[in-house]
Amino acid sequence: KARCPDIARASARAFTRAYPSRAMAPVAISARIPTPRASRVDPTIPGRSSRASLLRGPPRTVEEHSLFQRARHPRVSSTRAVTEPSRSSIDDEVDRLASKRDDAQAALRDAQDAYAEACARRDGRVSSQSEDEADILFNASPYVDVRCEYGYIQSNAGLYIDISKTRPPGVPRNALELATENFARELEAMKASFRGDDDVPGNGEPVILANRDVSPEERELMSELRDRLNTLTLSNDAIWERERARPEVPAPWIIKAPYLVLCYFLDSVFPEDRPIQRFWFLETVARMPYFSYNTMLTMYELFGWWRRSSELRRVHFAEEWNEYHHLLIHESLGGDTKWRDRFLGFHSALLYYGVLNALWLISPALAYNFSELIEAHAVDTYAQFAEQNKEALRELPAPRIARRYYEEGDLYLFDEFQTARPRSSRRVQVRTLYDTFCAIRDDEAEHVATMAECQMEDSMMADVRKVDVATGLVLAFIAANFWIDRLAATAGLDTLEIGGVDVGETLSEDGILVQILRFLPFL
């Protein structure tokens, strides 16, 4: 304890050598540090030094404690004294790294484009002489710089590509307000449709989405372009010929029957002179499977039933994003101007969504199989349309949304849904409507391949005849149960016995036939 003043003086001398400009008199330090009392020494800990006793003294002020710690640890104090970089130098470093990042991203895009071009040459997908001649003709066309914007829904709801970082989209208004406004518009369009008036807003009136600075000559060209779109046709018989010529998609009859009903419904509702309206309806419905699959996968994960396919949600979202842009393209071409088409499309999409959710609960493989059939039919439809209207489509410009989706921005989602090919091996250049419909056709082919891969691990879909047999047994059981109930009711009997066997009990939920049917994987 008698050495405490000596220790304080030694510490002060060390502080003076380290910081001569900020040194204090040793006597001031020793005067401010009281000598610990003997009662504070812990007798139970042998060998405790007087230095430890000093640290257990009464608390000092903040300034005294900081000064004493610097004297004890001169290296730490010198490290803390290093001047931090200025704000401007940090900003310069961030800007330099951001520029370096942008250069790397540009180099990556160039490398991906070169890789995609090499893959196209390897697969034989190169520009032919006729395509080069078509580009020359398109450059001489008066519609090269004409905007293809005729969507009725886009005129009311807007388009996301018109929103920039400096003009954020914000959030939608409450559902009641939006629904009321939309109902008022659709009500007037419905009345016009029932009257047969096809020249009112929302029911056939031409929509031209142009800026106010568009000249009268440009507006006239947009009107002429819209009239040329109305001359396009699509042969339903040729579509069926294409479907019969290609390899058939294996599907059980429980899936193929509603598929055929849907196809014949499209042929009857949309005649051959309304292909754009048919495509708009088809893409409105085609979005629903992927939304349904993500809904069911999320529900399975939430309940803890299945989480091994979580990555599929990312693939399905990319597929839905792709179909959404197909829909926006057809909206830009004026496929949604009739009230009847919108009514059928929206309500069919909701019904389709509910049916697919129920089908997924029965068998996810069957739901994927149905989507594979629909996407394969879409490939045939777009291929026939592009071939049938090839000359006309090569003279018409691609919509703005098509160029934005296929050529600009981050193509991560574009690569994500193409699971059957190497990543970044496909890049699309769209200038004309022919390029656009060929790109959509190829997108649908990628969806077919993805839906087929989703069924590979299901043993039941390896042989669809098993599903047909199981379906036949279920239908026979239902028919037999119904026939026996009707026969017993006609005879005035509570039960029907054959050979001493109660048929009703045999066909009940606890009967032997039901127990046998439960062993079938389809059930």
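Quick caveat, the model's predicted, so the values are computed rather than measured. Residue numbers count from 1 along this sequence.
- Listed by chain and number, the residues in a salt bridge (charged side-chain N to carboxylate O under 4.0 Å, His left out) with Glu301 are Arg313 (sequence neighbours excluded).
- If you look at Phe437 and Phe279, their ring centroids are closer than 6.0 Å.
- Using a 4.0 Å cut-off between charged side-chain N and carboxylate O, Arg421 and Asp415 make no salt bridge.
- Ring geometry for His316 versus Tyr368: interplanar angle of 30 to 60°, hence tilted.
- Between Leu232 and Phe385 the shortest side-chain heavy-atom distance falls below 4.5 Å.
- Ring-plane geometry between Tyr382 and His326 is classed as perpendicular, the angle between the planes exceeding 60 degrees on a 0 to 90 degree scale with a lower cut at 30.
- Counting only heavy atoms from C-beta outward, the side chains of Leu356 and Trp360 never approach each other to under 4.5 Å.
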message = Run Asp443 and Tyr406 through side-chain hydrogen bond (donor to acceptor under 3.5 Å, both in side chains) and show every step you take.
response = CA-CA 11 Å; Asp443 289 347; Tyr406 286 110; 2.5 Å; yes
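- With contacts defined as side-chain heavy-atom distances shorter than 4.5 Å, the pair Leu413/Phe317 qualifies.
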task = Please step through side chain to side chain contact (heavy atoms under 4.5 Å, CB included) for the pair Glu387 and Arg441, ending with a clear verdict.
result = CA-CA 11 Å; Glu387 187 66 26; Arg441 174 202 61 196; over 6 Å; no
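- Between His325 and Tyr160, the distance from one ring center to the other falls under 6.0 angstrom.
- Ion pairing of Arg426 with Glu446 is absent here, as no side-chain N (NZ or NE/NH1/NH2) approaches a carboxylate O to less than 4.0 Å.
- The side-chain heavy atoms of Gln429 and Asp435, taken from C-beta on, include no pair separated by under 4.5 Å.
- To the nearest 0.5 Å, atoms CG (Leu328) and CG (Leu333) are separated by 11.0 Å.
- Closest non-hydrogen pair, Arg427 versus Ala116, comes out as CG-CB, 3.5 Å.
- Residue-environment remark: OH (Tyr352) exceeds the threshold of 12 foreign heavy atoms within 6.0 Å.
- Note that CG of Leu159 is 6.5 Å distant from OG of Ser332, once rounded to the nearest 0.5 Å.
- The distance from atom OG1 of Thr233 to atom CG of Asn389, rounded to the nearest 0.5 Å, is 5.0 Å.
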request  = Any chance you could lay out the side chain to side chain contact (heavy atoms under 4.5 Å, CB included) test for Cys454 and Tyr293, step after step, and finish with the verdict?
outcome  = CA-CA 11 Å; Cys454 289; Tyr293 302 154; over 6 Å; no
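- Rounding to the nearest 0.5 Å places CG of Asp341 at 10.0 Å from CZ of Phe346.
- Thr381 places a side-chain N or O within donor-acceptor distance of the main-chain N or O of His377, the cut-off being under 3.5 Å.
- The CG atom of Asn357 sits 11.5 Å away from atom CD1 of Ile362, with the distance rounded to the nearest 0.5 Å.
- Atom CG of Asp110 has more than 12 heavy atoms from other residues, nucleotides or ligands within 6.0 Å.
- Listed for the Gln277 side chain is no donor-acceptor partner under 3.5 Å among the backbone atoms of Thr337.
- The number of heavy atoms from other shown groups lying within 6.0 Å of CZ (Arg173) is above 12.
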task = Show your reasoning for whether side chain to side chain contact (heavy atoms under 4.5 Å, CB included) applies to Leu344 and Thr284.
result = CA-CA 10 Å; Leu344 290 176; Thr284 300; over 6 Å; no
task = Report the C-alpha distance between Arg226 and Ser223 in whole Å, list the side-chain angles of each, state the deciding distance to 0.1 Å, and finish with yes or no for side-chain hydrogen bond (donor to acceptor under 3.5 Å, both in side chains).
result = CA-CA 5 Å; Arg226 185 194 63 241; Ser223 179; 3.3 Å; yes
Pairs of donor and acceptor atoms involving the side chains of residues 198-206, under 3.5 Å and at least two apart or interchain, shall be tabulated with distances.
| from | atom 1 | to | atom 2 | distance (Å) |
| --- | --- | --- | --- | --- |
| Asp198 | OD1 | Asn203 | ND2 | 3.3 |
| Asn203 | OD1 | Trp339 | N | 3.2 |
| Asn203 | ND2 | Asp197 | O | 2.7 |

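- For the pair Glu272 and Ser235, the minimum side-chain heavy-atom distance is below 4.5 Å.
- The local environment of CZ in Phe183 is sparse, with at most 12 non-hydrogen atoms from other residues, nucleotides or ligands closer than 6.0 Å.
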message = Leu229 vs Tyr150, test: side chain to side chain contact (heavy atoms under 4.5 Å, CB included). Steps then yes/no.
response = CA-CA 11 Å; Leu229 290 173; Tyr150 311 108; 3.9 Å; yes
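- Between Glu407 and Arg404, none of the side-chain N atoms (NZ, or NE/NH1/NH2) sits under 4.0 Å from a carboxylate O, so this pair counts as no salt bridge.
- Side chain of Ser363 to backbone of Leu359: no donor-acceptor contact under 3.5 angstrom is found.
- Taking 4.5 Å as the limit, some side-chain heavy atom of Pro399 sits within range of a side-chain heavy atom of Leu433.
- Between the Glu331 side chain and the Asp336 main chain, no donor and acceptor come within less than 3.5 Å of each other.
- Taking CG of Leu262 as the start and CG of Asp267 as the end, the distance is 9.5 Å to the nearest 0.5 Å.
- In this structure the side chain of Met299 reaches within 4.5 angstrom of the side chain of Trp305, judged on heavy atoms.
- By the 4.0 Å N-to-carboxylate-O rule, Arg423 lies close enough to Glu416 to be salt-bridged with it.
- When all heavy atoms are compared, the tightest approach of Met451 to Ser371 is SD-CB, 3.7 Å.
- For Glu241, the side chain to side chain contact (heavy atoms under 4.5 Å, CB included) partners are Arg244, not counting sequence neighbours.
- Residues His330 and Ile276 approach most closely at O-CG2, 4.0 Å, considering heavy atoms.
- Separation of the Trp240 and Tyr264 ring centroids falls under the 6.0 Å cut-off.
- In terms of heavy atoms, Ala378 sits closest to Leu282 at CB-CD2, 4.2 Å.
- Two rings, from Trp321 and Phe414, have their centers 6.0 Å or more apart.
- Nearest heavy atom pair, residue Ala402 against residue Val430, reads O-CG2, 3.8 Å.
- In this structure the side chain of His447 reaches within 4.5 angstrom of the side chain of Asn322, judged on heavy atoms.
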inquiry  = I'd like to know whether Tyr300 forms a side-chain hydrogen bond (donor to acceptor under 3.5 Å, both in side chains) with Ser309, so could you lay out the CA-CA distance, the side-chain angles of the two residues, the decisive distance to 0.1 Å, and finally the verdict.
reply    = CA-CA 10 Å; Tyr300 277 35; Ser309 304; over 6 Å; no
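- Side chain of Ser348 to backbone of Gly345: no donor-acceptor contact under 3.5 angstrom is found.
- Residues Ala349 and Met288 come closest through the heavy atom pair O-CG, 3.2 Å.
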